[in-house]
Amino acid sequence: MADCTDLAFRLVAREHGMELAFLEMVSAHSLLRRNAKTLDMMKTVPEDRPLGAQLLGSDPAMMGEAAAMAEEMGFDLIDLNFGCPAPKVVRPGSGAALLRKPDLAEAIFRSVVRCVRRVPVTLKTRTGFDDPSGREALELARRAQDCGLAAVTVHGRTRAQRYAGHADWEAIGRVKRAVSIPVIGNGSVMRGPDAAALAAASGCDGVMLGRGSLGNPWLFKAAAAALDAEAPAEPPSFEERRRVLLRHMDLEFRFETERRALLNMRRIACWYFAGLPKVAAFRSAACVATTPARMRALIEGF
Ligand SMILES: Cc1cc2nc3c(=O)[nH]c(=O)nc-3n(C[C@H](O)[C@H](O)[C@H](O)COP(=O)(O)O)c2cc1C
């Protein structure tokens with residue numbers, strides 16, 4: 001997730017049972033130009049595996065070239081983002097706009113599959129652009145399968161819905177039943193049992209977590225336990241939440257510039273403390289913290 005699932009986030013999530021991660025989306029165009037910010041967003045370490053790179057774009061040749069470059073950089077999977085709803089992405093025809101252009105989508109699939117030699121290519125999309133039935137996702141998933149893609153993740157909302165309302169897990173099921181490649185279900189998994197409910201409603205082969213995992217890395221094990229029909233672990237104590245938040249903070253300061261890490265920590269700390277009393281006062285103080293020591297003191301004093 002853009003601006004959320006950076007290297008520090010992924011390492012904390014892996015320590016809590018996350019099995020596979022994708023980088024936040026990067027534009028194929030920026031990657032090919034070796035844009036410094038884009039390359040920084042793709043930084044990783046050996047223990048951050050398995051890891052997929054996710055590409056955004058609408059030009060088949062450019063997407064193919066960028067995918068080959070990402071493969072060369074050592075990513076384990078190449079994922080194509082056909083789901084981003086942002087106007088600045090959709091207007092030039094990328095992201096969710098491709099739900100309405102199946103022929104262009106197919107040309108991108110063919111180009112990327114031709115250019116990538118060793119690793120699987122996967123698709124991430126939504127149920128539809130405006131149409132909530134799942135028909136548009138189903139069309140893309142069929143074409144993806146025919147072109148040799150290895151799996152498709154379906155976020156159970158349309159582009160029109162953006163991130164609002166509950167994801168439609170039945171619509172994910174309609175895609176699942178139409179293809180034989182694995183379908184990963186995504187959307188509205190906020191607690192462990194939601195993962196099992198998504199799997200039951202859709203028949204999906206795997207579950208991808210989204211916003212529910214922000215500040216809640218315990219969700220990975222809770223979801224896995226629910227999927228395996230095992231008893232859930234005890235929820236983390238406040239002290240445990242704070243300990244893991246401090247670990248997340250240490251990793252932010254290790255891998256990001258001090259300025260960037262401080263900005264990130266304002267959001268990250270509030271994720272971990274969400275719902276607790278006094279979080280509003282904490283947020284105000286964190287927003288004016290200008291040193292790592294001050295940020296640490298605020299968290300330790302919460
Ligand atoms: C801030 C934010 C950034 C996101 N960035 C990406 C992204 O880069 N690539 C992607 O495939 N999905 C991205 N998503 C979508 C999520 O991966 C997920 O599909 C969506 O939030 C639905 O799941 P949820 O209801 O569990 O949050 C983003 C979502 C949010 C809220």
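Quick caveat: nothing in here was measured; it's all calculated off a predicted structure. What you see below is based on every heavy atom in this structure, not just the backbone, and it leaves out hydrogens, waters and symmetry mates. All ligand and atom numbering here is 1-based and tracks the order in the structure.
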Does the N or O separation between [X] and ligand 1 drop below 3.5 Å for any pair?
X    : result
A2   : yes
N186 : yes
M25  : yes

At a 4.0 Å threshold, what atoms of ligand 1 neighbour a non-hydrogen atom of [X]?
X    : value
R211 : 21 (O), 24 (P), 25 (O), 26 (O), 27 (O), 31 (C)
N81  : 9 (N), 10 (C), 11 (O)
K124 : 10 (C), 11 (O), 12 (N), 15 (C), 16 (C), 17 (O), 18 (C), 19 (O)

At a 4.0 Å cut-off, with the gap strictly under it, does some heavy atom of A167 reach an atom of ligand 1?
->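 No; A167 lies far enough from ligand 1 that no heavy-atom distance drops under 4.0 Å.
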Heavy-atom gap M190 to ligand 1 smaller than 4.0 Å =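 No; M190 lies far enough from ligand 1 that no heavy-atom distance drops under 4.0 Å.
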**OP:** Could you pull out, from Q54, R157, R126, H166, the option with a heavy atom nearest to atom 7 (C) of ligand 1?
**Re:**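 Considering heavy atoms of Q54, R157, R126, H166, the nearest to atom 7 (C) of ligand 1 sits in Q54.
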key: Whether Y163 and H155 hold their rings parallel, tilted or perpendicular, with breakpoints at 30° and 60°   =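 If you compare the ring of Y163 with that of H155, the planes turn out parallel.
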Requested in this report: Could you label the plane-to-plane angle of the F273 and F302 rings as parallel, tilted or perpendicular, counting under 30° as parallel and over 60° as perpendicular?
Outcome: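 Parallel: the ring planes of F273 and F302 meet at under 30°.
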Short question: side chain of R157, backbone of A164 - any donor-acceptor pair under 3.5 Å?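 Pair found, side chain donor or acceptor close to backbone of A164.
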Checklist line | Test item: V244 and P236 side chains (from C-beta on) under 4.5 Å apart, heavy atoms | finding: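 No. Closest side-chain heavy atoms not under 4.5 Å.
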ask   = With side chains defined as the heavy atoms from C-beta onward, is the minimum distance between V189 and M208 less than 4.5 Å?
value =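 The answer is no, as the side chains (C-beta and beyond) never meet within the 4.5 Å cut-off.
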| request: Provide the closest heavy-atom pair for K43 versus R10 in the form atom of the first, atom of the second, distance. | output: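 So the minimum-distance heavy-atom pair works out to O-NH2, 3.2 Å.
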Quiz item: cation-pi between R159 and F82, 6.0 Å / 45°: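 Not satisfied by the 6.0 Å and 45° rule.
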Should M25 and F109 be regarded as members of a common hydrophobic cluster, given that ILVMFWY residues are connected when their side-chain heavy atoms come within less than 4.5 Å of each other, either directly or indirectly?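 No; F109 is not reachable from M25 via cluster members.
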Problem set entry | F22, portion touching ligand 1 at heavy-atom distance under 4.0 Å |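 Contact part for F22 vs ligand 1: neither.
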Students should be able to answer this: which protein heavy-atom is nearest to [atom], and at what distance?
atom                    : answer
atom 22 (C) of ligand 1 : H155 NE2, 3.2 Å
atom 2 (C) of ligand 1  : M1 CB, 4.1 Å
atom 26 (O) of ligand 1 : S188 N, 3.3 Å

Taking atom types as modelled, find out whether T158 and D130 have a side-chain donor-acceptor pair closer than 3.5 angstrom.
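T158 vs D130: no donor-acceptor pair found between side chains.
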